[in-house]
Structure formats: C-alpha cells, structure tokens
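Everything on this sheet refers to the single structure shown next.
Because only heavy atoms are used, hydrogens play no part in the values below, and waters and symmetry mates are left out as well, while side chains stay in. Both ligands and their constituent atoms are indexed starting at 1 by order of listing.
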Amino acid sequence: MLEKVIENWTSRLDYIQASRGSPMPEIIFKIARKPHRPVKAGTPAGGAEAVTLRDTYLALIRPIIEYGFPVYYCASAASLEKLEKIQLGAARIITGLRRSFPKEIVLFEADLQPLHLRSKNILTNYFNKLSSYGHHNKTSLYFKNWHNNQRLKRNSPFSYAEHLQLPSSLIEPHSLKSCLSPSEGLPRVHFHFNMSAPVTKQDLIPAHLRQLALESINEIPCDAIKIYTDGSRLDERAGSVIYIENSGQNFYFCHRNPDFSSVFKSELTAIKLGLEAIINESDYGELWILSDSRSSLQHLHNWTQVGDKTSISILQNVKLISKHHDVHFQWIPSHVDIFGNEQAGRLAKEGCSLLTTSSPSITYSEHQSKISRQLSKEWKSPPSHHWYAARKPGSFLDLNCDRASKTAISRLASGHTKSLSFFEGRKTFKFCSKCKVQQASAEHILDCLGLSREDLYDSPLLVIDFLRVNNLMDLV
Ligand SMILES: [Zn+2]
C-alpha cells in the first residue's frame, strides 16, 4: 500500500519537476509579470509589482510545491533541491536580482522561507497530529504499529519521521470521539456567554462592564460555589490560577503549566483544576465557574467536538457534578476590577513564575506553535555577508516606489551592483560617473553621495532620490 502511495506522490513530484521548464508555474508567472495592459496609471511598464508577484507565487505555486510534502519529503536530496530551485527562480523574478546573487540573500529579500525550513514545520505538524489521534484513526494506528523492516529500498515517509525523532514524546493524545454520549448530553449544565444584559460594542466602557458583571455575580445564590479561573502566559512560560469562594471561605492556588502552553489551554487547565478541587464537596447548591475567556467556554459548549485531554477531563467531572448540582459557566469581562477575577489574573502571573510543572505534555497545536516560533527565529536572522545588513526579510518589498527602484536598492544592499564583474578572481566595478576617480562599488556609491549603509535601511526612498538626481541608477 505504502509503495503505491509513494509511487503516486513521486509521479506528482516528477510532474512538478517537469513543469519547471514550461507549464504551470512559469506560465502563471509570465501572466503575472506581463499584464496585457497596465492595471492603473503609474504602474511601470516592467509588469506587476513585487508584492503582487510574491502573492501570486504564494497563492498559486508554493501550495503545489508543498502539496503532499509529508509523503514526498523522503525523495532524494537532488529532487528536493530541484523544488528549492523553483522557489529560488520565483524569488529572483520577484526581486529582480540577478543570477550572481547569493541565493540566501535573494530568498531573504523576497521574504520566502527556504522550503526545507517550511517542510520541517509541516512534517513535524503532520506526524505529531497523526500520533496524537491514537487508535481512532487508521493511519495513526498503522503508524504506531509500524516497524522499519527495510523492505523498501528507498526511505519511506515513516522511516524518515523516525529518523527525525517524530512524533515528539511530549504530545498529549487527542481523542476523535466525543467523550459523552450525545443522547444523554449535559442537561443540568448551562453556558452564559453574556451577562445580565447582552454586551455590545457601546458597552466597552469599563465602568459599565463592571456594573453588568457585578449584577450577574450578585444574582448567583449565596449557597453556590464560585470558581474564578484565569490563565496567562509570559514568554514561553504559562500558568493557571483558581480562586474559589465557598460559603464565605475563600482560597486560591496557582499552577505552573508546561512551557509553550497556550493561554487558551491555561484557561481550560484552570477550570479543570477548579473542578478537581471541589469534586468531593457536597454541601452546596449550584456551581458557578466564572471565566474571562469566552473562547474556552465556547469550546466546552461544543462538547461533541471536544477531543483534547484537558477538556475531556472537565466534561467528565462536570457530568459527575451535574448529577447533584446545577453547573453554570459564566463569562465575565476581564480587567474591570471584579475582585475574584482580578485576584485570579494577578495570581496567574505568579503561576507562570513557579518553579515546577506537573506534566510536561502539550497538545500538538502548542507544540506546533513552539516549532514555528523556533523556525521563524532562525529565518529572521539575516544571512551572514560582509556587506549585507538587512534587519528583516523582505525589507524593501513594501517600499512605496516602482519595481526598478526596489531592485536597485536591493542590489545596493547586497553589494552586487550592475557594474560588478570579476577579473582574475577579484571584484571590479565600472568607474563612478560622479567623481570619475574611483570604482563604483556599493560602498563607494554611498560614500560619494555622502550617505551611509544605515541610510539604506532607515530611509531607502532618500537613497533612491539621491541615485536618480546624480544619474547613478545605471551603475546600481
Ligand atoms: Zn564617486
């Protein structure tokens, strides 16, 4: 079965490789590059804007290159290199930079992440998600029971995942089945996404919000248990906090969550811990859970779709408690000085700084955001080059000027100007048309204009004006 899948994908890969010469991607690009008539007055005759070209590439070509990546990622390095070349070609068209440019700079200028970085991201996501599904998903089951017996001569996607140590052991299972029977439901559980009066945009005055929230809280019967919950995140650390009011007795506790937990999950963890704290209580009327996270409450409300471990635990406990008590989930606004909520919010920040965390497992989406952050950090550091000093990818793409000027400024920034040639292994440039004394290297051009390299990044439009006024555009 696996052989067939690979064969299928390899043929698609071949198609993409074959299409490099003429069909789809290049034709689309040619259309984008040379519109039949100018779109609007002022558009340069050279064709579409760099940003339009980039969008076209991202919308129409990159998805084809990345389609089915988890399966064909194990293709030979040479084949994958061909895919990178398609992207590099697109980056050259977008930026207008010549072939002699270092490819890292071209990709950085076009703000296109190398495919191997992106694919690592996609692949990790795919296998982590797959493994989290457990036995309900056939592919996941197959993957779990799979052993590399090397029957296949080529790398299979699974053996490649094993090589990359995927899936991560930190991923917590995600159920695909509802944990509650839909016929039984949750009859004594009520969700309130609004307060005593519906909140509209005009109610954004904190005092008014506070008033409404207090009205809602005052309507809660005296013999009810109130649990205020809050979750927060500081950099990569996350914490949850629970503040419980039970017939005049108040207590609270904080909890440090695994690093990279989302705020959303920290909110849910807080609700889960709150329920666990009162599950053995019996001497009360109703149970009210007050959270300032509407999205968590909405998530729990759609309990037929819920599959994450934390929410399942919440629902199971709610089901137990609701046999004897009515359970209410009430949304309250945050930061409007409601005592319990403010306490919970303040303590949640403390929760982040607690030293220990109970279980290190995180959901696949949290793990994904962790990987994406790491990769984007890796991507955002500019390629090392003695002259190039851009601070972020695609820094010249959004400039408010024509495409030729953007290309000129990119060239100047990378040092590979139009007049550059190599003579006996050394870089030589044409003579500067302004001073007519020295060679017009990027460094000299800026010197001659009385500008510095920082001006390229701080005020690129000014540099372009200087180049035009001094007739130096031909050299850049
Ligand atoms: Zn000069």
Pull up every protein N/O/S atom sitting under 2.8 Å from the Zn ion (ligand 1), skipping waters.
-> Cys432 SG, Cys435 SG, His444 NE2, Cys448 SG

Which residue pairs pass the side-chain hydrogen bond (donor to acceptor under 3.5 Å, both in side chains) test when at least one of the two sits in residues 412-424, sequence neighbours left out?
-> Ser421-Thr428

Less than 4.0 Å between a side-chain N and a carboxylate O, is that true for Lys427 and Glu443?
-> no

Leu53 and Arg403, any side-chain heavy atoms less than 4.5 Å apart = yes

Is there a donor-acceptor contact under 3.5 Å from the side chain of Ser240 to the main chain of Gly231?
-> no

For Ser365, all residues meeting side-chain contact (heavy atoms from CB on, under 4.5 Å), sequence neighbours excluded | Thr363

Below 3.5 Å, can you tabulate the donor-acceptor pairs from side chains in residues 432-442 to any protein atom, sequence neighbours excluded?
{"unit_1": "Lys434", "atom_1": "NZ", "unit_2": "Cys448", "atom_2": "O", "d": "3.1"}
{"unit_1": "Lys436", "atom_1": "NZ", "unit_2": "Ser433", "atom_2": "O", "d": "3.1"}
{"unit_1": "Gln439", "atom_1": "OE1", "unit_2": "Phe429", "atom_2": "N", "d": "3.0"}
{"unit_1": "Ser441", "atom_1": "OG", "unit_2": "His444", "atom_2": "N", "d": "3.1"}

